[in-house]
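Data block below; observations after.
Starting from 1, each residue takes its place in the sequence as its number. We use all heavy atoms of the structure for the numbers below, so side chains are in, but hydrogens, waters and symmetry mates are not.
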Amino acid sequence: MKKVVKIKPGVQHYAWGGTTFIPAWLGIENKAQKPYAEAWYGDHPLGSASIDVENTTISIDQWIAGSPEEILGKEAMDSYGNKMPYLLKILDVKDMLSLQLHPTKEAAIKGFQLENEQGIPLNASNRNYKDQNHKPEILFALSDFWMLQGFENLQTIRQRFEVLLPEFIFPSVVDWYTMMHSIMSLDEKVYVDFLSLIDGRIPAQDLTNKQDIFHWVHKAMLTYPFSPGSVDRGILVMLLMHVQYLKPGQVGYQAPGVLHAYLEGQNIELMANSDNVLRGGLTTKHIDPQELLAHLDTSEAGQSLLAPIYLMDDEVAYTAPIPDFLLKNFRLHQGTRKDIQFTSVSILLVRSGEISVNGIKAHRGESILIPAYTPALVLCESMASEIFLATA
């Protein structure tokens with residue numbers, strides 16, 4: 001049976017990230033003021049976490065390859081193969097991310113196989129499917145957090161267009177799908193003209209209210225200037241979408257097919273172990289409008305917050321309607337003991353205070369991996385401690 005080990009996350013320095021939150025979490029200096037967008041706790045090859053073994057640093061995926069069943073668990077391996085079922089992240093969103101959705105598992109399998117048959121390399125810029133997995137995800141807001149999630153009601157959408165772009169001709173049948181199709185099909189010159197009109201009108205709106213789409217449209221126009229030849233129709237797509245605000249401690253869920261975009265704030269994100277993203281705008285990366293529309297869920301608005309499941313006074317769970325992952329939040333007092341044992345690999349993140357896990361101490365910003373089947377005694381060593389646990 002494997003022992004618990006401390007792990008260090010892989011860090012992503014995407015341009016949209018902040019410069020202080022993640023370095024402060026990890027207890028490191030950021031003298032160069034580089035953007036720290038994401039910290040990854042998992043075995044994903046694009047940013048695997050690492051451990052120190054006999055004075056040598058190795059990646060988690062290398063470590064798992066040495067004894068996968070001991071670390072991952074047989075049940076997880078039967079379902080997910082020789083890799084972790086989930087990917088755990090910390091995000092610091094300073095500038096908004098692209099509009100995007102994630103395919104279902106069935107769609108990912110078909111899309112991945114089709115692109116393989118077409119000979120599209122895995123690292124090609126025009127590749128839609130990087131693996132055969134779905135990518136549902138939940139987020140735990142660590143701060144005030146804003147995102148676009150799903151669609152706004154049609155009456156509000158009409159009002160937005162009347163204010164910013166009355167020249168837009170609505171389709172004869174007005175629903176979310178036909179609106180998306182109309183926007184994605186716009187001629188480039190027409191779209192550029194529309195952007196010019198919006199640019200002239202947006203300053204007259206109240207841009208201070210972050211729960212109003214006009215605030216984010218204005219920011220998007222400054223952040224993502226239109227480039228000639230692009231198929232990006234993100235500004236108009238934003239006018240169809242719902243602005244979702246999460247208070248610290250609230251949890252959102254992104255189901256397959258739901259269009260969304262993170263706008264601002266910090267969160268813990270837990271997702272299926274996949275990199276499949278179909279983008280709909282506000283990005284310089286590949287956009288495939290036809291593929292996006294083929295997998296866009298317009299059956300309902302798509303907004304979703306998860307209710308907490310109170311297991312004990314100091315233990316809360318959040319679970320999505322899939323088996324790939326489970327998130328727990330513990331708020332412990334000094335001397336509190338928690339016995340943890342799962343049939344799948346688990347990861348602990350310490351947000352505040354100090355704990356010990358089977359005698360290994362971890363303080364704020366540190367993380368511990370618990371192999372499958374391993375009994376773990378978690379003890380709160382400080383006056384109080386808050387920790388998160390991810391497992392399948």
Side-chain angles (χ1 to χ4, degrees), residues 1-11 22 24-27 38-44 47-53 59-61 63-64 70-73 76 84-91 138-140 142 249 251 266-271 273 308-309 311-312 314-319 324-392:
M1 185 175 294
K2 285 283 186 179
K3 296 180 180 179
V4 301
V5 293
K6 280 189 177 181
I7 63 173
K8 298 176 183 178
V11 175
I22 290 177
W25 180 290
L26 299 177
E38 300 183 349
W40 289 17
Y41 300 83
D43 63 349
H44 198 287
S48 178
S50 61
I51 62 172
D52 293 328
V53 178
S59 64
I60 289 292
D61 54 346
W63 185 59
I64 289 173
E70 277 190 277
I71 298 169
L72 300 175
M84 293 181 65
Y86 57 84
L87 177 58
L88 178 66
K89 298 181 180 181
I90 298 173
L91 273 67
I138 61 174
L139 67 99
F140 183 106
L142 296 170
V251 175
Q266 293 86 35
N267 68 38
I268 287 177
E269 189 178 53
L270 183 57
M271 64 186 69
N273 199 349
I309 302 170
L311 303 177
M312 299 183 72
D314 57 5
E315 182 178 347
V316 182
Y318 300 90
T319 179
D324 301 55
F325 51 76
L326 165 74
L327 182 68
K328 285 189 174 185
N329 180 224
F330 298 86
R331 295 173 183 267
L332 308 177
H333 298 293
Q334 189 168 36
T336 301
R337 302 160 61 96
K338 291 285 181 181
D339 290 301
I340 293 174
Q341 186 176 24
F342 291 98
T343 58
S344 176
V345 61
S346 306
I347 293 176
L348 284 177
L349 299 182
V350 183
R351 185 182 187 186
S352 63
E354 183 176 67
I355 64 169
S356 64
V357 184
N358 290 359
I360 297 178
K361 291 191 176 184
H363 55 71
R364 177 179 181 265
E366 293 190 312
S367 47
I368 288 180
L369 183 145
I370 305 171
Y373 317 118
T374 300
L377 172 60
V378 179
L379 177 64
C380 180
E381 303 275 2
S382 53
M383 290 295 292
S385 183
E386 181 180 6
I387 60 176
F388 294 90
L389 180 144
T391 193

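By the 4.5 Å heavy-atom criterion applied to side chains, I90 and F388 are not counted as neighbours. With contacts defined as side-chain heavy-atom distances shorter than 4.5 Å, the pair I138/F140 does not qualify. In this structure, M312 and K338 have side chains that are in contact, with non-hydrogen atoms separated by less than 4.5 Å. Contact check for L369 versus P371: side-chain heavy atoms found under the 4.5 Å cut-off. A 4.5 Å side-chain heavy-atom check between F325 and L88 finds every atom pair outside the cut-off. Looking only at side-chain heavy atoms (C-beta outward), T374 and K3 stay at 4.5 Å or farther from each other.
Shortest non-hydrogen contact noted between T343 and A372 is O-CB, 3.4 Å. Here the closest non-hydrogen pair linking L270 and L326 is CD2-O, 3.5 Å. Minimum heavy-atom separation, V345 to I71: CB-O, 3.3 Å. Residues R331 and E386 share a closest heavy-atom pair of NH2-OE2, 3.3 Å. Across all their heavy atoms, P85 and A392 have their closest contact at CG-CB, 3.9 Å. Between Q341 and P375, the shortest heavy-atom contact is NE2-CG, 3.7 Å.
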Stepwise, does the side chain to side chain contact (heavy atoms under 4.5 Å, CB included) test hold for D43 with N273? CA-CA 9 Å; D43 63 349; N273 199 349; 2.9 Å; yes
Under the side chain to side chain contact (heavy atoms under 4.5 Å, CB included) rule, what do V11 and W40 come out as? Steps first, then yes or no, please. CA-CA 6 Å; V11 175; W40 289 17; over 6 Å; no
Working for side chain to side chain contact (heavy atoms under 4.5 Å, CB included), residues R337 and L377: CA-CA 7 Å; R337 302 160 61 96; L377 172 60; 3.5 Å; yes
Are T336 and F330 close enough, and set up right, to give a side chain to side chain contact (heavy atoms under 4.5 Å, CB included), and what steps lead you there? CA-CA 11 Å; T336 301; F330 298 86; over 6 Å; no
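Between the side chain of Y86 and the main chain of A390, a donor-acceptor pair closer than 3.5 Å is present. Put simply, the side chain of S385 gets close to the backbone of S352: a donor and an acceptor are under 3.5 Å apart. Looking at S346, its side chain never comes within 3.5 Å of a backbone N or O of T391 through a donor-acceptor pair.
With rounding to the nearest 0.5 angstrom, the CH2 atom of W63 is 6.0 Å from the NZ atom of K2. For the atom pair I387 CD1 and R351 CZ, the distance stands at 13.0 Å (nearest 0.5 Å). To the nearest 0.5 Å, the span separating NZ on K6 from CD on E366 amounts to 3.5 Å. In this structure, the separation between CG on L26 and CZ on R364 is 9.5 Å, given to the nearest 0.5 Å. With values rounded to the nearest 0.5 angstrom, I360 atom CD1 is found 11.0 Å from L348 atom CG. The distance from atom CG of N329 to atom CG of D314, rounded to the nearest 0.5 Å, is 10.0 Å.
In summary, K89 and E38 engage in a salt bridge, as defined by a charged side-chain N under 4.0 Å from a carboxylate O.
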